[in-house]
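Predicted model, so just to flag it, every value in this text is computed and none were measured. Proteins get letters first, then strands, A, B, ... in listed order; numbering begins at 1 in each.
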Protein chains: 2
Amino acid sequence: MSDFEHGPFSRKLSAFITLSEAESAVLASLHQRRRKIAAGRDVFQQGQLGQAAYVLSAGWACSYKILQDGERQVVDFQVPGDFLGLRSVLLHVSDHSVVSVTDIEVSEVLLSDLLGVFERTPRLAAAVLWAASRDEAMVVEHLAGIGRRNAVERMAHFLLELGARLSLVGMGSRAGFDCPLTQYLLADALGLTAVHVNRVLRQLREEGLVAVKDGYVAFEDYERLTEFAGFDPAYLDQPGPLLK
Amino acid sequence: MSDFEHGPFSRKLSAFITLSEAESAVLASLHQRRRKIAAGRDVFQQGQLGQAAYVLSAGWACSYKILQDGERQVVDFQVPGDFLGLRSVLLHVSDHSVVSVTDIEVSEVLLSDLLGVFERTPRLAAAVLWAASRDEAMVVEHLAGIGRRNAVERMAHFLLELGARLSLVGMGSRAGFDCPLTQYLLADALGLTAVHVNRVLRQLREEGLVAVKDGYVAFEDYERLTEFAGFDPAYLDQPGPLLK
DNA sequence: CGCGGACTTGAAGGTATTCAACATGCGTGG
DNA sequence: CCACGCATGTTGAATACCTTCAAGTCCGCG
């Protein structure tokens, strides 16, 4: 049985462990409670008692925090195959909010489901922990970018990372990718103002590195952009399953 | 049997699950390979093939990334009970480095140990995943701070969070805590220069909020500082075990 | 005693923000 | 159908925050 039949989530996990039929079946059983959510709706909110997490099967979502003074910081964007709110389910109280950027489709995963999966198929526990680690690695890279890169490098690096992630699920290439993010969302992700995001994008465009226009990110000179941003995709790549 | 007998790691996990004797024994078995490391030594490095993670049992450590241009971003500091390199063991390649800030004591945990623990005691898998989630929540809060708080608020929030974490393991209070971090380390953690850290600390001292001097952080007005920094410890608190 | 690491302070400069104005495109209702 | 509102994108000018560069202090230690 192909690991790819059950959608992007199985596809993602199968990069870490080779899924047995039993394990595939257990994963498939997680997709019982499907929901469609329109663009711009909160999936869940910061502070909410969250017993459920979700697996995103279609569309883009965005996890963010609202600070005391009302400022928003986008922590990460989620694309198909990613978890929504995995931390929340384990922390009992959500430390962040998630909003749909486009129309999305999700499967609800209860804490009890997750614990059941862990007991019946411990290898899947490792796979889920791996997926969580990979997500955290991206958050950490994001942290480093905000802390230590200037606005232009930060944007360049961010666009390259997003492109690499999307390539892994067949939604992007070295040419570019469709991107539904507004300059406001980009600003809140990169710790900038929307005004400055605009200037930075102009600069990257004028230097012939990357052009963002009409919902499409076009890499005009992938090599030079990679060089400029100091982008190293090692933390995203998974050469093969670690557990056979 | 008290959950506290086996050191800060068991103490931390027992905030999430009530440990059975069998589970405590399994945890204790993880502390077979103990190592002492002098201050200022790398425990492991970014890019290294890391089969092993560590549990910190004494002292302070610091995880960081080095960017292309040589700039350092400190991701988090670790105090007793915290994991070192859990992500690395699951990602196979470490995405960050860890250095000892003080003399430290660690226990090595192999990937095979961890998988064994998951198979024998699935509830511990959940507990470990919870601990990882809690650590990630701190990284996310850190990200939000760097992205959306100015230098003074950022520093205030950081010191409050550190104080709260240390209080949980009995190493701090609302009065203050011992802190071995230099202004250079603080700068690299907060995405500032050491020079500006110095000015920010002076400002916080002059406003009677918090004073950092001779390795001790003294909260001079905890209430007002909390208010000023917009500090909400919800994501650190765990009212009681989620799994009995 | 001299050296290095950590800390401190001033002055100048650059990056990103703030404020303000305007352009563009899309959907909705008059 | 066109007017209008609203979200998004664009650009300029003034300002603020933080960095950079530079100089110097303090202290522990070989």
Side-chain angles (χ1 to χ4, degrees), chain A residues 38-41 60 62 67 69-74 99-103 145-156 158-159 178-207 210-218, chain B residues 38-41 60 62 67 69-74 99-102 145-156 158 178-207 210-218:
Chain A
R41 319 266 310 204
W60 288 53
C62 154
L67 302 191
D69 55 3
E71 289 246 66
R72 178 173 71 168
Q73 174 65 47
V74 168
V99 66
S100 52
V101 172
T102 65
D103 292 348
I146 292 187
R148 286 291 181 228
R149 276 190 263 264
N150 66 31
V152 194
E153 289 169 359
R154 209 182 297 174
M155 176 67 76
F158 174 80
L159 294 175
D178 285 311
C179 177
L181 306 177
T182 65
Q183 293 184 355
Y184 288 86
L185 275 172
L186 287 172
D188 283 344
L190 299 176
L192 302 169
T193 59
V195 170
H196 201 56
V197 161
N198 188 284
R199 296 191 222 278
V200 162
L201 288 177
R202 172 154 56 110
Q203 192 176 331
L204 286 169
R205 179 166 15 91
E206 285 173 354
E207 296 193 8
V210 58
V212 181
K213 191 165 183 246
D214 298 331
Y216 187 78
V217 175
Chain B
R41 316 269 307 206
W60 289 52
C62 153
L67 302 190
D69 57 2
E71 289 247 64
R72 179 174 71 169
Q73 174 65 48
V74 168
V99 66
S100 52
V101 173
T102 65
I146 292 188
R148 285 294 181 226
R149 275 190 262 264
N150 66 31
V152 193
E153 289 169 1
R154 206 181 300 174
M155 176 67 76
F158 174 80
D178 285 311
C179 177
L181 306 177
T182 65
Q183 293 184 354
Y184 288 87
L185 275 172
L186 288 172
D188 283 342
L190 299 176
L192 302 169
T193 59
V195 170
H196 201 56
V197 161
N198 187 282
R199 294 190 224 279
V200 162
L201 288 176
R202 171 153 57 110
Q203 191 175 332
L204 286 169
R205 180 168 12 94
E206 283 173 355
E207 295 191 9
V210 56
V212 181
K213 191 166 181 243
D214 298 331
Y216 187 79
V217 175

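- Rounded to an integer number of Å, the gap from Arg149(A) CZ to dT15(C) C1' is 17 Å.
- Considering only side-chain N and O atoms, Asn198(A) lies under 4.0 angstrom from the phosphate OP1 or OP2 of dT10(D).
- Remark: P of dG13(C) and NE2 of His196(B) are 19 Å apart, rounded to the nearest angstrom.
- If you measure from atom CG of Leu190(A) to atom P of dT17(C), you get 10 Å, rounded to the nearest angstrom.
- Nearest nucleotide to the Asn150(B) side chain, out of dT11(D), dC18(D), dA16(C): dC18(D).
- Proximity of Thr182(B) to the phosphate of dA6(C): no side-chain N or O atom is located under 4.0 Å from OP1 or OP2.
- Between Arg199(B) and dT9(C) there is no side-chain polar atom (N or O) within less than 4.0 angstrom of OP1 or OP2.
- Asp103(A) places a side-chain N or O within 3.5 Å of a backbone atom of Ala39(A) that can act as its donor or acceptor partner.
- In terms of phosphate contacts, Gln183(A) brings a side-chain nitrogen or oxygen within less than 4.0 Å of OP1 or OP2 of dT10(D).
- For Leu192(B) and Val195(A), each mapped to the nucleotide of DNA chain D holding its nearest heavy atom, the one lying further toward the 5' end belongs to Val195(A).
- Asp214(B) places its CG atom 10 Å from the P atom of dC7(C), with the value rounded to the nearest Å.
- Shown here for Cys62(A) and Leu185(A), the closest heavy-atom pair between the two residues is SG-CD2, 4.1 Å.
- Sorted pairs that involve residues 192-201 of chain A and meet salt bridge (Lys or Arg N to Asp or Glu O under 4.0 Å), not counting sequence neighbours, are lacking altogether.
- Atom CG of Leu185(B) is separated from atom P of dG5(C) by 14 Å (rounded to the nearest Å).
- The closest donor-acceptor contact from the side chain of Arg205(B) to the backbone of Val212(B) lies at 3.5 Å or more, if one exists at all.
- Toward the 5' end of DNA chain D, the nearer of the two residues Arg202(A) and Arg148(A), judged by each one's closest nucleotide, is Arg202(A).
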